[in-house]
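Each remark here refers to the structure printed beneath this line.
Just so it is clear, the values below take in all heavy atoms, side chains as well, and ignore hydrogens, waters and symmetry mates. Residue indices begin at 1 and follow the sequence shown. All of these numbers come straight from a predicted model, not from anything done at the bench.
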Amino acid sequence: MLLLNKFPTWLCAFTLVLLTQDPVSTSEVTACGVAVDPPANIEITDPGLLGYLSIHWTRPASLQNLSGCTVRYQLRYYDTYEERWRSVRTVKLTYSAQFDLEKPVKVKILTVLKCACTNETEVQGQEREWVHAPEPTGVAGSRIRDFQCVFYGKEYMECTWKPGPVQPPNSQHYLYYWHREMDETKECPEYIVLPEGRRGCRFPRELLLEFSKFNLCVNGSSPAGSLRTAYFSIEVQNHVKPAVVSTMDVSETDGGLKLDWSPPSGQVPEHCLEYEVESSTAMENGKEKQERVVIQNLADTSYGLLRGVESQTTCFRIRSKVNMYCADGGIWSDWSQKKCTDKETQYIPAWKYLTLVGLVVIGIGILCLSLWILQKICIKKIIKKDALYTLYKEKVNKTMPTILSPIFK
């Protein structure tokens, strides 16, 4: 194994060359009278792309002069990010894959032969394995921790970290990044600087590439020596955090409530969002009832809630996240401000409403009946009064002189 340093260690860019000279031997597996040996001259190189390694090999000597056959190679490598073996078959003599340079690089390879003399069936040779275990360098305990990246509204991304348990005085951190559309690694375009030093990096949208490995490396220097290097590989579309939902409206329906909202601002397409709605209802008994529901309907930005008999004020809040149709993961947005029902337009249960209407109707009926009875009584009194007055007038006319009669007419 030969390790060559092309750049200072704080640049996170170096070339790793793992050379293996196969001994001259014959494989136990043979076909068509020849040994199906593993590929020769295995070489694993790192051109400084933060873990994106190139694996090269040559055709085994035992198959150099073989014609009329198809020679393929089965390569397996251990993906330490997902903790599983990945496999690929190819007729080429090179393959590139992503590795975590802080962990052992494990590669297995074998030759697959298919000829007319094998009845067109594949014959697999013996598998060889190569392992390169990196040796940590730098001040012990100086590796950064709590590294995380957040792609805010698909407008810009921030990657932040905390210093390691051991932080030598006057330390300086550096971040480098690379993706497949870049020719070489580059340094952070804009560091997030706190009073105690660099604690993050801000990337504008135009420097990011979605649905591709985005490799990052953070290390540093200090008077005590270089800081330990940390490697990361992410896909930025899985780190999107949408903006907060700011526009909400609550309306009353027949026996319930309806919440409507508008998608958050930013560059996240509307069809890529799912929502979580939280409702909190104050009950007459003083308790609070909470419900949460995730809405994954791509075209739905509304939610209906049935109200119980004993419910009072209801408040809603909502948050969003990129759904599974647009990414393998995502970060929930912050919760919106609460939106509550108006106190003066509180919900009245149907039975209470009908009871109230019934009482009003009965009250009006009683009032009308009372007025009708009173009217009847008043009319009778007036008629009686008129009869007495007529009788009195007749008596007066009989007893009074004729000359006074006009007075009582």
Evaluate the salt bridge (charged side-chain N to carboxylate O under 4.0 Å, His left out) criterion for residues Glu102 and Arg143: first the C-alpha distance (whole Å), next the side-chain angles of each, then the deciding distance (0.1 Å), finally the verdict.
CA-CA 11 Å; Glu102 296 183 75; Arg143 183 189 185 277; 2.6 Å; yes
Set out, in order, the CA-CA distance, both residues' side-chain angles and the distance that settles side chain to side chain contact (heavy atoms under 4.5 Å, CB included) for Thr341 and Leu257, then state yes or no.
CA-CA 9 Å; Thr341 55; Leu257 296 172; 3.5 Å; yes
Assess the residue pair Leu259 and Met248 against the criterion (side chain to side chain contact (heavy atoms under 4.5 Å, CB included)); give the C-alpha distance rounded to whole Å, side-chain angles, the decisive distance to 0.1 Å, and a yes or no.
CA-CA 7 Å; Leu259 173 68; Met248 300 169 58; 3.7 Å; yes
Stepwise side chain to side chain contact (heavy atoms under 4.5 Å, CB included) test for Ile55 and Glu43
CA-CA 6 Å; Ile55 307 168; Glu43 181 180 279; over 6 Å; no
Are Tyr73 and Val88 close enough, and set up right, to give a side chain to side chain contact (heavy atoms under 4.5 Å, CB included), and what steps lead you there?
CA-CA 8 Å; Tyr73 306 96; Val88 61; over 6 Å; no
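Thr281 and Thr314 share a side-chain donor-acceptor pair at under 3.5 Å. With hydrogens and angles left out, the side-chain atoms of Gln98 and Asp79 include no donor and acceptor closer than 3.5 Å.
Within 6.0 Å of atom CZ in Arg76, more than 12 heavy atoms from other residues, nucleotides or ligands are found, so the atom counts as buried in its surroundings. The 12-atom threshold is not exceeded at CD of Glu270, counting heavy atoms of other residues, nucleotides or ligands nearer than 6.0 Å. More than 12 non-hydrogen atoms from other residues, nucleotides or ligands lie less than 6.0 angstrom from CZ of Phe211. Counting non-hydrogen atoms of neighbouring residues, nucleotides and ligands closer than 6.0 angstrom, the NZ atom of Lys339 reaches no more than 12 such neighbours. Counting heavy-atom neighbours within 6.0 Å of Glu129 CD, excluding the residue itself, gives a total above 12.
Residue Thr58 holds its OG1 atom at 4.0 Å from CG of Asn41, rounded to the nearest 0.5 Å. Annotation: the span from Tyr176 atom OH to Lys186 atom NZ amounts to 13.5 Å, rounded to 0.5 Å. In this structure, OG1 in Thr301 is found 8.5 Å from CD1 in Ile318, a value given to the nearest 0.5 Å. Here the OG-CD1 distance, from Ser54 to Ile44, works out to 10.5 Å after rounding to the nearest 0.5 Å. Taking NZ from Lys106 and CZ from Phe99, the interatomic distance works out to 11.5 Å, rounded to the nearest 0.5 Å. With values rounded to the nearest 0.5 angstrom, Leu227 atom CG is found 5.0 Å from Ser171 atom OG.
In this structure, Val236 and Leu209 have side chains that are not in contact, with every pair of non-hydrogen atoms separated by 4.5 Å or more. Looking at Tyr231 and Thr229, their side chains come closer than 4.5 Å, going by heavy atoms from C-beta outward. Contact of the Leu175 side chain with the Glu187 side chain is not registered, since no non-hydrogen atoms from C-beta on lie closer than 4.5 Å. Counting only heavy atoms from C-beta outward, the side chains of Trp335 and Glu278 approach each other to under 4.5 Å. Two residues are said to be in side-chain contact when any heavy atoms from C-beta on lie closer than 4.5 Å; Ile144 and Pro163 fail this criterion. Under the 4.5 Å side-chain criterion, counting only non-hydrogen atoms from C-beta, Ile331 is not in contact with Val240. For the pair Tyr95/Trp57, a side-chain contact is recorded, criterion being any heavy-atom separation below 4.5 Å from C-beta on. In this structure the side chain of Trp332 reaches within 4.5 angstrom of the side chain of Glu274, judged on heavy atoms.
Nearest approach of Arg199 to Leu194, heavy atoms of both residues: CG-CD1, 3.6 Å. The minimum heavy-atom distance between Thr313 and Cys340, with the atom names listed, is CG2-CB, 4.3 Å. Between Val131 and Pro104, the shortest heavy-atom distance links the atoms CG1-CB, 4.2 Å. Shortest non-hydrogen contact noted between Ser336 and Val245 is CB-O, 3.2 Å. Nearest heavy-atom pair across Ala327 and Asn238 is CB-OD1, 3.4 Å. The two residues Pro168 and Val166 have their closest heavy-atom pair at CD-O, 3.6 Å.
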Name each donor-acceptor pair under 3.5 Å that joins a side chain in residues 148-160 to protein atoms two or more places apart or in another chain, with its distance.
| unit_1 | atom_1 | unit_2 | atom_2 | d |
| --- | --- | --- | --- | --- |
| Lys154 | NZ | Glu210 | OE1 | 3.2 |
| Glu158 | OE2 | Arg202 | NE | 2.9 |
| Glu158 | OE2 | Arg202 | NH2 | 2.7 |

Identify every side-chain donor-acceptor pair in residues 60-71 under 3.5 Å, counting partners at least two apart or on other chains, and give the distances.
| unit_1 | atom_1 | unit_2 | atom_2 | d |
| --- | --- | --- | --- | --- |
| Ser62 | OG | Ala35 | O | 2.7 |
| Ser62 | OG | Asp37 | OD2 | 3.1 |
| Gln64 | NE2 | Arg59 | O | 2.9 |

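A donor-acceptor pair under 3.5 Å is formed between the side chain of Asn215 and the backbone N or O of Leu49. Checking side-chain atoms of Thr253 against main-chain N and O of Gly256 turns up a donor-acceptor pair under 3.5 Å. Between the side chain of Ser302 and the main chain of Asp260, no donor-acceptor pair closer than 3.5 Å is present. Put simply, the side chain of Asn323 gets close to the backbone of His271: a donor and an acceptor are under 3.5 Å apart. Here the side chain of Asn170 pairs no donor or acceptor atom with the backbone of Ser222 at under 3.5 angstrom. Proximity of a side-chain donor or acceptor of Ser333 to a complementary backbone N or O of Ser320 within less than 3.5 Å is detected.
Ion pairing between a basic and an acidic side chain is recognised when a charged N comes within 4.0 Å of a carboxylate O; Lys289 and Glu291 show such pairing. With respect to the salt-bridge test (charged N to carboxylate O, under 4.0 angstrom), the residues Lys241 and Asp334 qualify. A salt bridge links Glu122 with Arg89: at least one charged nitrogen is closer than 4.0 Å to a carboxylate oxygen.
No close placement of the Phe316 and Trp261 rings is indicated, their centers lying 6.0 Å or farther apart. Taking the six-membered ring for Trp and the full ring otherwise, Phe214 and Phe203 have centroids separated by under 6.0 Å.
Cation-pi geometry between Arg198 and Tyr174 is met: under 6.0 angstrom from the ring centre, within 45 degrees of the axis. Remark: Lys108 qualifies as a cation-pi partner of Trp85 under the 6.0 Å distance and 45° angle criteria applied to the six-membered ring.
Each of Arg180, Glu235, Glu181, Gln237 was compared with Ser212 under the side-chain hydrogen bond (donor to acceptor under 3.5 Å, both in side chains) criterion, and only Arg180 meets it. Phe232 pairs in a ring-ring contact (aromatic ring centres under 6.0 Å, His included) with only one of the listed residues (Tyr81, Tyr177, Phe147, Trp178), which is Phe147.
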